Amino acid sequence: MRYLPLTEADRQSMLARIGAPSVDALFKDVPEQAYHDGDFDLPDFKGELEVERILRGYAGENLGANSVPCFLGAGAYHHHVPSSVDYLIQRGEFLTAYTPYQPEIAQGTLQYVFEFQTQVALLTGMDVANAGMYDGATSCGEAVAMAMRITKRKKAVLSGWLHPHYREVVETNAHFLGTEIHSEPSDPLTGTDLFALIDDETACVVVQNPGIFGHVRDYSDLAAACHEKGALLVMIVTEAVSLGALKSPGEMGADIVAGEGQSFGVQLGYGGPYVGLFATRQKYVRNMPGRLCGETVDEDGRRGYVLTLSTREQHIRREKATSNICTASGLCALAFTIHVALLGEAGLDRLAKLNHAAAVTLAEKLEALDGVELLTDSFFNEFTIRLSKPADTVVEKLAGKGILGGVPASRMMPGAGLDDCLILAATETATAEDIDRFVSSLKEALA
Amino acid sequence: MRYLPLTEADRQSMLARIGAPSVDALFKDVPEQAYHDGDFDLPDFKGELEVERILRGYAGENLGANSVPCFLGAGAYHHHVPSSVDYLIQRGEFLTAYTPYQPEIAQGTLQYVFEFQTQVALLTGMDVANAGMYDGATSCGEAVAMAMRITKRKKAVLSGWLHPHYREVVETNAHFLGTEIHSEPSDPLTGTDLFALIDDETACVVVQNPGIFGHVRDYSDLAAACHEKGALLVMIVTEAVSLGALKSPGEMGADIVAGEGQSFGVQLGYGGPYVGLFATRQKYVRNMPGRLCGETVDEDGRRGYVLTLSTREQHIRREKATSNICTASGLCALAFTIHVALLGEAGLDRLAKLNHAAAVTLAEKLEALDGVELLTDSFFNEFTIRLSKPADTVVEKLAGKGILGGVPASRMMPGAGLDDCLILAATETATAEDIDRFVSSLKEALA
Amino acid sequence: MTKDTYTGHRGLMLEEPLLFEQGQEGRTGVDLPEPAAVKSRLGACARGRSVALPGLSEPQVVRHFTRLSQRNYGIDSGFFPLGSCTMKHNPRINEKVVRLAGLGDLHPMQPESTVQGALRLIDDLADWLMKLTGMPAVAMSPAAGAHGELCGLMAIRSKLDSDGQQHRMRMLVPESAHGTNPASAAACGFTVDPIPANKRGRVDLEAFRAKLGDDVAGMMLTNPNTCGLFENDIIELAAMIHDAGGYFYCDGANFNAIVGRVRPGDLGVDCMHINLHKTFSTPHGGGGPGSGPTVLSDALSDFAPLPYVVKDGDHYRLVEHPGDADEKPFGRMKGFHGQMGMFVRAIAYMLSHGRDGLRQVSGDAVLNANYILASLKDVMTAPFGGPCMHEALFDDHFLKDTGISTLDFAKAMIDEGFHPMTMYFPLVVHGAMLMEPTETESREALDEFIGSMRFLAEKAKAGDVDRFKNAPQLTPWRRLDETGAARKPVLRWTPPGPDQQAAE
Amino acid sequence: MTKDTYTGHRGLMLEEPLLFEQGQEGRTGVDLPEPAAVKSRLGACARGRSVALPGLSEPQVVRHFTRLSQRNYGIDSGFFPLGSCTMKHNPRINEKVVRLAGLGDLHPMQPESTVQGALRLIDDLADWLMKLTGMPAVAMSPAAGAHGELCGLMAIRSKLDSDGQQHRMRMLVPESAHGTNPASAAACGFTVDPIPANKRGRVDLEAFRAKLGDDVAGMMLTNPNTCGLFENDIIELAAMIHDAGGYFYCDGANFNAIVGRVRPGDLGVDCMHINLHKTFSTPHGGGGPGSGPTVLSDALSDFAPLPYVVKDGDHYRLVEHPGDADEKPFGRMKGFHGQMGMFVRAIAYMLSHGRDGLRQVSGDAVLNANYILASLKDVMTAPFGGPCMHEALFDDHFLKDTGISTLDFAKAMIDEGFHPMTMYFPLVVHGAMLMEPTETESREALDEFIGSMRFLAEKAKAGDVDRFKNAPQLTPWRRLDETGAARKPVLRWTPPGPDQQAAE
Ligand SMILES: Cc1ncc(COP(=O)(O)O)c(C=O)c1O
Ligand SMILES: Cc1ncc(COP(=O)(O)O)c(C=O)c1O
């Protein structure tokens with residue numbers, strides 16, 4: 001077997017040194033009745049060529065977003081990843097390293113984590129960010145938990161424009177911890193009046209910008225209202241590219257920002273792995289979940305980086321840790337860091353403008369169609385339309401024509417009365433022809 | 001432009017230091033009438049996404065050998081390249097290095113070249129090999145030139161089973177150097193009697209094993225006959241995998257071995273870049289073309305490697321050099337080295353057996369068809385058949401059905417009366433289904 | 001010997017400032033077309049201020065990260081016996097297939113009809129995992145081991161609640177457990193009750209029995225445990241916890257030791273996470289991503305998280321909402337459907353090994369660890385006898401009176417060209433050194449390591465304290481000041497203040 | 001300071017023996033299925049003996065080559081001002097597209113109908129090259145620069161022969177020419193007649209005129225020349241050689257200096273190779289592969305090598321045989337149809353830059369070189385005044401009486417973290433140092449380099465001889481014994497003899 005270097009001669013000489021008659025003898029602590037003969041109903045080993053063929057078989061049964069017009073968003077976005085990103089993250093020194101426990105031989109990882117933290121802080125307008133969480137949804141769950149730790153309160157208010165997956169993760173956690181979650185209903189037309197829901201028990205209000213239906217809003221007033229009641233404002237960002245176009249969460253007064261970093265550098269990959277972003281104010285640093293990398297010096301006084309403040313973490317604090325997270329999403333954070341480094345201010349600005357322009361162009365063309373109503377008044381690269389037919393059947397029809405035509409709201413929010421609502425995103429990858437093909441196909445599908 | 005780091009501010013400050021008013025002013029030595037305004041009839045710069053789309057456009061107009069049954073050989077072979085090969089050759093320290101002129105910071109390149117030389121020597125059964133040439137055909141040209149240098153004779157005899165491209169390269173060189181080439185006619189049935197052609201003027205006889213029609217032969221007697229007349233035997237290998245199955249050129253008594261290394265580690269890539277193999281006897285080392293890497297020690301006595309015997313080369317010897325080659329095919333040699341390292345003795349043996357088995361299986365099924373005659377008596381993974389119809393039209397028909405069904409002999413040897421001959425190779429990539437699909441489609445095409 | 005250079009570079013070891021120290025306005029590493037002129041729909045929300053990202057060109061960025069990578073040590077560099085982390089070879093074919101068109105470029109919310117291959121892959125991987133563990137169900141969405149722990153505990157909690165056992169709040173966790181175990185228990189609302197180890201490095205049966213009671217929800221046991229030992233009483237322990245009305249969570253981080261030989265389902269396990277990034281070789285990536293599918297027993301199989309894949313005849317579907325489920329899912333833990341990229345790599349790894357290869361994996365992993373144990377136990381101290389499973393545990397007894405600590409010893413290993421073993425974990429032995437070679441190391445590599453460890457042990461005993469206290473000395477960075485870093489944390493770059501700028 | 005380690009490794013700098021020292025019988029890094037049992041058709045030719053390749057597993061091989069790579073310096077590592085070699089950034093998008101299905105997996109002998117995209121790409125690339133050079137034809141098959149030289153010379157020879165000028169055998173080649181120029185001339189049967197440079201580093205016009213005569217076949221001029229200077233009399237020189245009945249071969253290795261600004265066709269050039277691996281950024285790969293398309297003037301365009309692509313309406317075809325050609329091709333130079341993999345990369349590079357970007361390339365390349373020249377000419381010695389083109393040439397005059405040679409200086413640059421410039425070439429100045437920064441270096445990188453060079457020049461003048469004579473000191477290897485290597489060449493590994501084996 002190509003990955004297993006021991007030869008039979010090795011095994012014999014090693015057993016001789018150990019003083020064991022056989023490899024099986026090394027398993028003598030296993031109760032006899034549980035020692036399996038290895039005769040599983042599974043295939044035998046295969047060469048690389050065969051394995052690749054099998055995997056191509058799976059791939060061939062799918063319709064990849066790179067090969068067709070794609071207008072899906074709802075928490076994952078179809079952006080172009082520069083090829084240097086993908087080359088660099090595959091370098092073995094990055095790919096096959098562990099969490100940087102030995103800083104003297106992990107300065108590569110540590111420096112990029114420090115850079116990642118800085119980028120996330122700059123993008124969100126916050127003071128500090130951590131080294132990343134599993135994904136946006138779990139990051140949201142951690143944000144609510146942190147708000148409850150800080151405020152020592154047990155209630156959270158969730159906007160109806162929060163991504164349903166995020167809401168559900170928060171609710172799952174709350175169910176087991178016995179905390180209280182007030183989730184506003186999802187409605188693409190009316191944002192609910194969250195102000196009225198903040199009281200002295202409220203640990204935090206969670207809003208998403210842009211919201212699940214695409215709306216962009218300035219939540220500065222809401223932040224002030226939260227602070228007045230001693231509550232925190234948690235702001236969620238599922239489309240990180242929007243941070244290049246919108247007033248930052250920090251400027252709006254958010255206390256914790258949690259979000260999804262996939263848009264920078266990470267392939268769609270059917271939903272994961274992605275990387276959760278997590279940023280907050282300086283004063284809350286010691287309440288943060290996840291790893292943190294800090295600057296220091298070595299014995300020769302040379303600048304370097306280490307994991308720090310680990311007394312917050314499970315391996316030191318055990319059941320009192322701020323989170324149970326251990327392995328997070330290092331390589332995706334690296335991809336994010338490289339992509340953002342490539343963009344820089346000018347590239348980010350241009351990228352955001354391109355996304356917005358694509359979405360506005362799409363919206364304008366759709367508004368002109370019979371049977372289509374635009375529900376999102378102001379938006380970045382994503383918006384919701386109401387159709388004259390059920391959205392899920394329309395989407396299936398479009399798929400049949402080789403178009404990935406949006407996410408039916410009902411898929412994430414069944415029973416919310418949104419069966420005719422379709423959530424659409426347009427990014428820099430959508431060409432004018434893609435848009436035209438989609439619009440004309442949609443017109444046909446609605447006819 | 002993403003690859004150009006200078007900003008306008010940089011340019012201004014740099015011009016100030018230089019004391020030039022503008023970049024254009026730096027070109028003052030260019031005659032005015034030849035300084036172009038840059039208004040070429042060519043497109044403007046493009047982002048990566050757009051460039052990739054354009055390249056995918058080209059790719060989409062071709063039928064890739066990985067996606068269909070492929071039975072083409074004739075000097076390039078469809079083998080599986082392990083993915084670790086492709087990862088490793090893309091590491092920037094290999095990919096973006098130059099020829100190892102500074103050995104202290106090029107030991108990576110130098111050590112693999114030393115390993116490559118050793119592998120080629122082992123595979124061919126020769127004493128020494130060089131660091132590689134452009135490809136098999138040019139390597140063949142260099143072998144003939146070297147034989148002429150050594151023997152101080154000006155005539156070469158080429159077997160009719162030599163790959164026509166190789167023959168043509170030798171003939172082109174000879175035309176300009178005024179040397180004499182005797183090329184035997186190409187005939188898949190009768191190997192010609194080369195013995196009769198060797199005389200006291202003969203610098204070398206060039207044979208190919210397996211030959212262009214697939215024949216394998218033991219050329220030991222021919223070697224003896226050459227040596228008797230003071231001529232050298234040059235042996236060509238276009239399918240390096242065959243070296244895992246056949247008696248080596250060294251064992252047969254060859255003096256120079258030239259060949260194509262593509263089969264190990266190098267993608268088909270429509271014919272290049274590949275890597276020429278070149279090996280010889282110890283006594284001829286100082287007559288070799290191309291770079292050579294040798295073992296040495298550094299000032300601390302540590303083993304290391306350097307380019308050596310460079311007094312043979314153009315940068316020292318100029319018009320008296322053994323060859324004009326400079327840039328050769330380093331990265332392809334690396335791919336070869338890695339693939340051969342992965343195979344090892346056991347892997348090579350298995351790979352060669354698989355190739356032979358696939359070809360024998362194919363031959364057996366074809367022999368059973370009406371309208372097909374097998375012309376090659378003994379072969380490795382390639383053989384020639386005679387069809388009841390012109391081979392080129394059959395191949396076109398098969399292509400229409402998505403099968404790459406061999407190389408018509410007439411494409412390489414027009415006018416040789418071989419219009420009905422088809423050269424077929426089968427490798428480890430041919431599945432049983434591929435073979436069956438080909439055989440039944442061929443049957444149809446011949447019906 | 002000249003030591004100083006003008007640049008600070010040292011031959012091939014090249015300095016590299018932060019990205020933020022290299023920016024220039026207007027410079028970028030991507031080219032994007034001019035956006036179409038449209039009427040902005042950003043409303044009142046348009047950004048007014050600069051984000052202040054530095055501008056670098058592509059060549060600069062490539063060089064930056066190339067240089068950073070050169071300061072790292074990975075499995076590709078050398079021997080990486082980090083106990084409990086299973087740092088095995090990461091095959092490149094896995095990196096290739098995860099990027100295939102039709103896998104790498106699937107949007108998670110595509111209609112089911114366009115992702116049948118993806119769903120089939122998830123289902124096939126689930127089948128492998130169920131067969132290898134002998135368990136009837138598996139939750140695929142957990143993002144890593146700790147997340148899988150949470151998943152299993154939530155399933156236990158849900159089952160208890162559904163049986164009216166709301167009062168069972170106490171979770172028994174050995175002292176040797178990984179930190180994520182108690183942390184996950186707490187994240188699920190349990191209280192943690194530690195159980196001690198016995199002299200043989202296993203759960204103390206009597207102490208365990210004494211902890212049982214009506215409020216016990218279950219136990220979290222790692223097997224093989226974090227001392228690298230198989231819990232020989234495991235079947236008995238499982239029976240005891242079941243008799244007491246609790247459930248058995250097994251931490252499967254060490255599954256590599258037994259894959260293809262022991263099925264946790266045969267040991268009485270109720271749920272167990274599997275770190276695909278350990279046993280099934282998906283790369284650790286300098287801290288993730290991972291993936292932690294969690295197998296569930298019959299008792300718990302109804303209580304899985306959403307979403308999951310169901311096969312209806314030839315068609316695969318995703319159950320995403322409680323209303324669509326026949327079972328009693330406890331809800332969603334994560335966005336979308338799990339770490340698909342890790343699933344693709346893991347199934348490629350499994351297919352490559354097959355049934356027979358996986359059995360060889362555990363055999364060779366255990367053989368390699370025992371070889372290390374047998375070769376070092378005379379010069380280092382092994383607190384528990386052999387045979388061990390896939391990792392060899394030593395304590396710092398052999399360093400007694402040398403003034404050298406486990407940390408010092410580890411740093412000297414760095415000079416020797418190795419990544420150190422896991423240190424100070426598990427907590428049940430003093431100055432622990434936990435060495436996990438994995439099956440992808442050759443005997444030659446082990447012999448070199450063993451020789452080096454014997455050399456170091458000798459030097460330590462011979463009083464060559466300097467070699468350890470000052471280690472590492474041969475790395476681009478010497479020991480870093482962790483205390484200083486924590487005292488006054490600098491967690492990001494900030495632009496130099498006006499004073500500093502003026503000084504430049 | 002502890003210097004010795006048991007393993008010989010030093011932190012991140014890891015020792016790595018030869019592959020052949022790591023083999024074990026039966027071990028392999030590939031898994032292949034059992035071959036079907038067939039009756040052998042190898043005849044009398046079956047292999048009897050072992051090849052004796054070492055057996056390594058995949059993890060060992062990956063580690064081996066990873067470690068080797070870590071001893072190399074590439075453009076991705078840092079500044080690489082190797083004059084005449086144009087070590088510019090190699091974009092990764094080019095590496096991606098060359099591997100696309102439908103490009104990477106095309107067999108060269110596929111029927112034309114299945115490779116229309118490939119042929120179109122070759123034709124489009126040819127179009128770019130012709131437009132950028134202002135030439136009417138281009139031969140695509142040469143494999144590198146030297147091969148392109150040979151191609152151009154063969155075209156000249158063929159044209160001369162076809163015009164009854166068989167007696168023209170003398171080729172004029174400046175002394176400053178690259179070694180491949182005279183070597184290629186000889187490989188084409190010409191005799192080489194050197195022409196000297198004048199004090200301004202250009203061809204000496206009078207000396208040149210004196211060499212003309214009835215037996216002159218042509219001249220080989222590099223422009224910009226190897227001193228990094230534009231041959232200002234080039235149009236005159238071209239006219240002179242034409243008047244004398246000869247042809248003008250231009251070595252286009254330095255095309256990067258003028259791309260988008262000067263068309264060789266406007267200078268009277270008859271043929272010129274273009275190193276795609278220089279100007280158009282296909283990676284040098286540690287010594288190739290390259291690609292050397294050769295543009296041809298009207299006079300020579302009929303005399304191209306085979307094969308070539310012809311466009312018939314919408315269909316592309318390959319002309320592979322003289323019988324199919326309307327022109328008078330001189331024959332084949334290479335297997336198949338050229339370095340397709342380099343064509344793909346080059347066209348991706350060209351499309352990325354576009355017309356405007358390419359013009360910026362030459363502008364920035366020349367600006368960078370002049371910046372170096374202007375910043376160093378007071379401490380180093382520049383034999384010819386400025387402005388230079390894309391490279392700055394210094395000689396060793398400034399090292400006079402220091403006892404330090406150009407070689408020593410270069411080795412000290414290695415300690416400083418740079419790849420040295422080209423040394424001792426061109427031959428027309430003493431102890432030449434030829435620095436080509438390329439356009440893909442930032443001003444910041446140049447400033448660091450300039451600072452370092454000034455520092456070294458100062459140290460040299462201050463008599464810090466040690467820093468140079470003992471350099472490099474900070475690299476994993478010190479200076480290597482090249483004389484010893486050449487005296488008794490060891491060009492391959494050989495198995496240890498019976499004595500050595502016994503001793504092990
Ligand atoms: C024994 C044990 N349990 C749990 C974990 C946590 O797994 P993860 O890092 O995937 O969250 C680890 C990881 O190191 C471990 O070693
Ligand atoms: C001026 C000059 N001419 C010709 C060549 C030869 O080109 P190649 O190495 O591609 O054969 C070079 C390469 O270094 C060169 O610098």
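Bear in mind that the values here come from a model prediction, so they are computed numbers and not experimental data.
In this model, no donor atom of one side chain and acceptor atom of the other lie less than 3.5 Å apart for C/E320 and A/H165. Side chain to side chain, A/D86 and A/Q90 meet the donor-acceptor criterion of an N or O pair below 3.5 Å.
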Practice item. Evaluate the side-chain hydrogen bond (donor to acceptor under 3.5 Å, both in side chains) criterion for residues C/S69 and A/R91: first the C-alpha distance (whole Å), next the side-chain angles of each, then the deciding distance (0.1 Å), finally the verdict. Key: CA-CA 7 Å; C/S69 76; A/R91 283 181 58 83; 2.8 Å; yes
Check your understanding: Please walk me through it: do C/K131 and A/D41 pass salt bridge (Lys or Arg N to Asp or Glu O under 4.0 Å)?
Key -> CA-CA 7 Å; C/K131 283 183 176 149; A/D41 175 22; 3.4 Å; yes
**Study point:** Steps toward ring pair (Phe, Tyr, Trp, His ring centres under 6.0 Å) verdict (A/Y98, C/H284)
**Key:** CA-CA 6 Å; A/Y98 202 76; C/H284 279 92; 4.7 Å; yes
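Relative orientation of the C/H337 and A/Y270 rings is tilted, given thresholds of 30° and 60° on the angle between their planes. Relative ring orientation between C/W493 and C/F20 is described as parallel, the plane-to-plane angle staying below 30° on a 0-90° scale split at 30° and 60°. Using bins of under 30°, 30° to 60° and over 60° for the plane-to-plane angle, the ring pair A/Y274/C/F336 lands in the perpendicular bin.
Between the side chain of A/T172 and the backbone N or O of C/R332, at least one donor-acceptor pair lies under 3.5 Å. Side-chain atoms of A/T118 come within 3.5 Å of backbone N or O of A/F114 as a donor-acceptor pair. Without hydrogens or angle criteria, C/N72 side chain to A/G108 main chain gives a donor-acceptor distance under 3.5 Å. At distances below 3.5 Å, not a single donor-acceptor pair connects side-chain atoms of C/R355 with backbone N or O atoms of A/F45. Using a distance-only test at 3.5 Å, with no hydrogens or angles considered, a donor-acceptor pair links the side chain of A/S248 to the main chain of A/E251. In this structure, the side chain of A/E345 engages the main chain of C/V51 through a donor-acceptor pair within 3.5 Å. A donor-acceptor pair under 3.5 Å links the side-chain atoms of A/R411 to the main chain of C/M109, judged by distance alone.
For the set C/T475, C/V98, C/T180, C/L267, the count of heavy-atom pairs under 4.5 angstrom toward chain A peaks at C/T180. Residue with the most contacts toward chain C among A/G271, A/G304, A/P31: A/G271 (heavy-atom pairs, distance under 4.5 Å). Comparing A/A346, A/G269, A/G294, A/S84 by how many heavy-atom pairs each has under 4.5 Å with chain C, the most go to A/G269. Here A/L354 is the residue among A/L88, A/V216, A/L354 with the most heavy-atom pairs under 4.5 Å with chain C. The candidate with the highest count of non-hydrogen atom pairs below 4.5 Å against chain A, out of C/A185, C/P476, C/A410, is C/P476. When the candidates C/P283, C/S77, C/G43 are compared by the number of heavy-atom contacts under 4.5 Å with chain A, C/P283 comes out ahead. If you tally non-hydrogen atom pairs under 4.5 Å between each of C/Q70, C/M154, C/R49, C/H277 and chain A, the highest count goes to C/M154. When each of A/T327, A/L243, A/T308, A/I325 is scored by its heavy-atom pairs under 4.5 Å with chain C, the top score falls to A/T327. Contact count against chain A (heavy-atom pairs under 4.5 Å) is highest for C/P91 among C/A374, C/P91, C/G290. Per-residue heavy-atom pair counts under 4.5 Å with chain A were compared for C/F330, C/F425, C/Y73, C/Y371, and the maximum is reached by C/Y371.
Of the atoms belonging to C/I235, it is side-chain heavy atoms, and not backbone ones, that fall under 4.5 Å from chain A. The contact between C/L121 and chain A is made by backbone and side chain atoms together, counting heavy-atom distances below 4.5 Å. The part of C/A101 that comes within reach of chain A is its backbone (N, CA, C, O), which places non-hydrogen atoms under 4.5 angstrom from that chain. Contact of C/N368 with chain A is made through backbone and side chain together, with heavy-atom distances under 4.5 Å. With a 4.5 Å cut-off on non-hydrogen atoms, C/H419 touches chain A through its backbone and its side chain both. Interface remark: C/H321 contributes side-chain atoms only to the contact with chain A (heavy atom separation under 4.5 Å). Contacts of A/V285 with chain C are made by side-chain atoms alone, with heavy-atom separations under 4.5 Å and no backbone atom involved. A/V169 touches chain C through backbone and side chain together, each having a heavy atom under 4.5 Å away. The contact between A/I54 and chain C is made entirely by side chain atoms (from C-beta outward), counting heavy-atom distances below 4.5 Å. For A/I105, the parts sitting under 4.5 Å from any heavy atom of chain C are the backbone and the side chain alike. Using a 4.5 Å cut-off between heavy atoms, A/L4 touches chain C through backbone and side chain atoms alike. A/P43 touches chain C through backbone and side chain together, each having a heavy atom under 4.5 Å away. Contacts of C/V262 with chain A are made by both backbone and side-chain atoms, with heavy-atom separations under 4.5 Å. Contacts between A/I338 and chain C at a heavy-atom distance below 4.5 Å involve backbone atoms as well as side-chain atoms. Contact of A/Q33 with chain C is made through the side chain alone, with heavy-atom distances under 4.5 Å. Of the atoms belonging to C/I414, it is side-chain heavy atoms, and not backbone ones, that fall under 4.5 Å from chain A. For chain C, the nearby parts of A/Y112 are the backbone and the side chain; heavy atoms of each come within less than 4.5 Å. Both the backbone and the side chain of C/S40 come within contact range of chain A, judged by heavy atoms closer than 4.5 Å. Heavy-atom distances place no part of C/E25 under 4.5 Å from chain A, backbone and side chain included. Contacts of C/H178 with chain A are made by both backbone and side-chain atoms, with heavy-atom separations under 4.5 Å. Proximity to chain C (any heavy atom under 4.5 Å) is restricted, for A/V407, to the side chain, taken from C-beta onward. Using a 4.5 Å cut-off between heavy atoms, A/M14 contacts chain C through both its backbone and its side chain. Within the 4.5 angstrom heavy-atom criterion, only side-chain atoms of A/K28, from C-beta onward, approach chain C. Proximity to chain A (any heavy atom under 4.5 Å) is shown, for C/L42, by both the backbone and the side chain. For chain C, no part of A/R291 is nearby; none of its heavy atoms comes within less than 4.5 Å. There is no contact between A/R317 and chain C, counting heavy-atom distances below 4.5 Å. With a 4.5 angstrom heavy-atom cutoff, C/P305 does not touch chain A via any of its atoms. If you measure heavy-atom distances from C/P472 to chain A, the contacts under 4.5 Å come from the side chain alone.
Put simply, the side chain of A/E93 does not reach to within 4.5 Å of the side chain of C/L68, judged on heavy atoms.
Relative to the six-membered ring of A/F380, C/R47 misses at least one condition, a distance below 6.0 Å or an angle of at most 45° to the axis. Note that A/R302 lies in the cation-pi zone of C/W477, set by a 6.0 Å cut-off to the ring centre and a 45° limit from the axis.
A salt bridge links C/K96 with A/E52: the distance from a Lys NZ or Arg NE/NH1/NH2 to an Asp or Glu carboxylate oxygen falls below 4.0 Å.
Residue C/I93 holds its CD1 atom at 7.0 Å from OG of C/S352, rounded to the nearest 0.5 Å.
Residue-environment remark: CD (A/E299) exceeds the threshold of 12 foreign heavy atoms within 6.0 Å.
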